[in-house]
Amino acid sequence: MKRGFIASAAIAVPMIAALGSAVMAAGTEPSVISEAKAYVEKVSAMPGAWPGPKTSPTVAKGKSVTIISCAQASNCSVDAQSAYEAALELGWTPTIVDGKGDPSLYNAALRSATNAKADGIIDISLPSALIQDGLRYATQHKIPVINAADIISKDPLIFGSVEHQWTDQGVMLGKWIIADSDGKAGVIILRDDEFPGVKERQDNVSKVLATCGGCKVLDEVGLTIQQATNPSVMQQQVQSLLARFGKDATYIVAPFGTVDGLVVPALRAAGRSEVKVVGYDGNKQQMQLCQQGKVNAIAVTMLAWTGWGAVDQLNRAFNGEKAAPQAVPAFLMTKQTCTGSGMAEDVSTFDYKAEYRKLWGIAK
């Protein structure tokens with residue numbers, strides 16, 4: 001349910017002094033703001049321990065793997081490339097296929113990989129509901145499919161999943177907006193509900209903001225991946241939203257990392273650079289924009305870690321074992337912690353690759 005601005009009740013001056021500036025947020029309880037600030041501090045800590053599997057089967061030899069990316073023009077390319085590199089470390093032969101955000105291409109790629117006699121398939125953020133034809137075809141030919149960078153799938157045609165922390169990421173951005181605005185924000189949420197995980201985290205931004213009486217979700221805009229990654233479409237969309245909501249719009253929540261880099265120039269062109277942009281993932285462009293103060297918060301996705309987890313799942317499939325929870329973590333990043341020239345996840349010094357190599361018995 002969308003929440004609107006609630007006018008502040010008249011409060012005696014001594015009470016204002018006692019409660020501090022938090023009560024000045026229109027209609028937002030001070031406890032909501034203080035809890036949000038404490039939460040933001042907690043989730044800004046980077047990974048410091050291995051949360052993944054404790055044991056692994058022997059590495060299967062000589063396998064060929066097809067990795068189908070949702071769209072190489074998006075952050076799916078990072079997950080795909082990391083899976084490619086991890087497969088090479090196991091001595092496998094990997095191939096990346098660009099799905100270009102088109103479900104018909106997703107299904108065609110699954111069929112082509114099957115016909116090419118791939119031993120296994122890793123799909124990067126392909127919605128299971130949209131690839132049933134391809135999944136059935138692969139399953140009929142006894143080829144395991146790993147669902148990576150998506151929600152945990154209960155689809156019997158999927159061997160195993162490697163999830164992002166979708167729920168937590170949405171909560172992170174919702175709480176950050178409450179904390180940053182002291183409980184008074186006008187928020188536009190850009191959505192891409194064709195991807196269940198992306199939908200889940202945007203749903204949770206909205207749910208968190210519903211606890212903030214002085215926050216208002218001005219609109220939740222449905223997009224496709226083709227629209228969200230098209231510069232001209234995004235510029236038109238942002239300009240239209242700003243024209244509708246004017247100065248009430250103070251925050252924009254992007255659905256995934258690629259979009260931030262399109263929203264920022266659209267805001268600049270509209271003369272609205274004060275509108276704060278928050279998003280997910282943390283690609284190199286986002287990091288640069290974060291350092292410049294143009295992207296204000298990132299719920300970081302460990303994209304490369306996800307690729308390695310997908311290869312671990314596939315090795316379990318090859319060995320006839322059950323899938324294992326990979327528990328790839330997430331954390332929150334702001335301008336204060338946006339450092340370096342790489343991706344956001346590179347700021348973390350935790351060596352997950354070394355942990356996988358130990359599991360696989362190929363430690364360097």
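Results of the side-chain contact (heavy atoms from CB on, under 4.5 Å) test with P57 over D312, N319, L359 single out N319 as the only residue that passes.
Of the possible polar contacts, one joining the S82 side chain to the A304 backbone as a donor-acceptor pair under 3.5 Å is found. Under a 3.5 Å cut-off, the side chain of S240 and the backbone N or O of Q236 do not form any donor-acceptor pair. A side-chain donor-acceptor contact under 3.5 Å links Q165 to the backbone of V328. Between the side chain of N75 and the backbone N or O of L303 there is no donor-acceptor pair closer than 3.5 Å. Of the possible polar contacts, none joining the Q288 side chain to the S341 backbone as a donor-acceptor pair under 3.5 Å is found. In terms of modelled atom types and a separation under 3.5 Å, the side chain of T93 and the main chain of S64 share no donor-acceptor contact. A donor-acceptor contact shorter than 3.5 Å links the side chain of T114 to the backbone of L110. Between the side chain of N147 and the backbone N or O of I151, at least one donor-acceptor pair lies under 3.5 Å. Between the side chain of Q286 and the main chain of I298, no donor-acceptor pair closer than 3.5 Å is present. N204 contributes a side-chain N or O that, together with a main-chain N or O of E200, makes up a donor-acceptor pair within less than 3.5 Å.
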Q.
S44 vs E41, test: side chain to side chain donor-acceptor pair (under 3.5 Å). Steps then yes/no.
A. CA-CA 5 Å; S44 295; E41 182 177 357; over 6 Å; no
Q. Should E194 and K199 be marked as a salt bridge (Lys or Arg N to Asp or Glu O under 4.0 Å) after you check the CA-CA gap, both sets of side-chain angles, and the distance that decides it?
A. CA-CA 7 Å; E194 62 192 318; K199 179 182 184 302; over 6 Å; no
Q: Test V278 against I252 for side-chain contact (heavy atoms from CB on, under 4.5 Å), laying out the working first.
A: CA-CA 6 Å; V278 301; I252 294 178; over 6 Å; no
Q. Is there a side chain to side chain donor-acceptor pair (under 3.5 Å) between Q326 and Y352 once you walk through the steps?
A. CA-CA 11 Å; Q326 300 294 317; Y352 66 88; over 6 Å; no
Q | side chain to side chain donor-acceptor pair (under 3.5 Å) evaluation trace for T334 with Q336 | A | CA-CA 5 Å; T334 62; Q336 289 69 37; 2.9 Å; yes
Q | Verdict with reasoning, I96 to Q81, per side-chain contact (heavy atoms from CB on, under 4.5 Å) | A | CA-CA 8 Å; I96 295 177; Q81 183 62 32; 3.8 Å; yes
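Applying the ring pair (Phe, Tyr, Trp, His ring centres under 6.0 Å) test to residues at least two apart or on different chains, the pairs with a partner in residues 138-176 are Y137-H141, H164-W166. Applying the salt bridge (Lys or Arg N to Asp or Glu O under 4.0 Å) test to residues at least two apart or on different chains, the pairs with a partner in residues 267-293 are D180-K276, R201-D281, K247-E274, R272-E274.
Across every non-hydrogen atom of V217 and S206, the tightest pair is CG2-OG, 4.4 Å. The nearest pair of heavy atoms linking I225 to A71 is CD1-CB, 3.9 Å. Residues G261 and Q285 share a closest heavy-atom pair of CA-OE1, 3.5 Å. Across G197 and D150, no two heavy atoms sit closer than the pair N-OD1, 3.7 Å. When all heavy atoms of F331 and S348 are compared, the closest pair comes out as CE2-CB, 4.5 Å.
For the residue pair E345 / T301, no side-chain donor-acceptor distance below 3.5 Å is found, with atom types taken as modelled.
Under a hydrophobic clustering in which Ile, Leu, Val, Met, Phe, Trp and Tyr are joined whenever their side-chain heavy atoms come within less than 4.5 Å, directly or via other members, L241 and V295 fall into the same cluster. A single hydrophobic cluster is not seen to contain both L105 and F195; linkage of ILVMFWY side chains at heavy-atom distances under 4.5 Å, directly or through other members, places them apart. I68 and L157 end up in the same hydrophobic cluster when Ile, Leu, Val, Met, Phe, Trp and Tyr side chains are linked at under 4.5 Å. In this structure, I178 is a member of the same hydrophobic cluster as L332, with clusters built from ILVMFWY side-chain heavy atoms closer than 4.5 Å.
Below 30°, between 30° and 60°, or above 60°: for W360 and W308 the angle between ring planes is below 30°, a parallel geometry. Taking the six-membered ring where the residue is Trp, F350 and W305 present parallel rings, their angle staying beneath 30° rather than reaching 60°. Between W92 and F318, the angle of the ring planes goes over 60°, which puts this pair in the perpendicular group of the 30/60° scheme.
The closest side-chain heavy-atom distance from Y280 to L173 is below 4.5 Å. Between V277 and K294, every side-chain heavy-atom pair lies at or beyond the 4.5 Å cut-off.
Between R111 and D133 there is a salt bridge, since at least one side-chain N of the basic residue sits less than 4.0 Å from a carboxylate O of the acidic one. A salt bridge does not link E89 to K353: none of the charged side-chain nitrogens sits closer than 4.0 Å to a carboxylate oxygen. R191 has a carboxylate O that lies under 4.0 Å from a charged side-chain N of D203, or vice versa, which qualifies the two as a salt bridge.
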Indicate every side-chain donor-acceptor pair of residues 122-132 with a distance under 3.5 Å to a residue at least two apart or in another chain.
unit_1	atom_1	unit_2	atom_2	d
D123	OD1	L126	N	3.4
S125	OG	A149	O	3.2
Q132	NE2	S128	O	2.9
Q132	NE2	D155	OD2	2.6

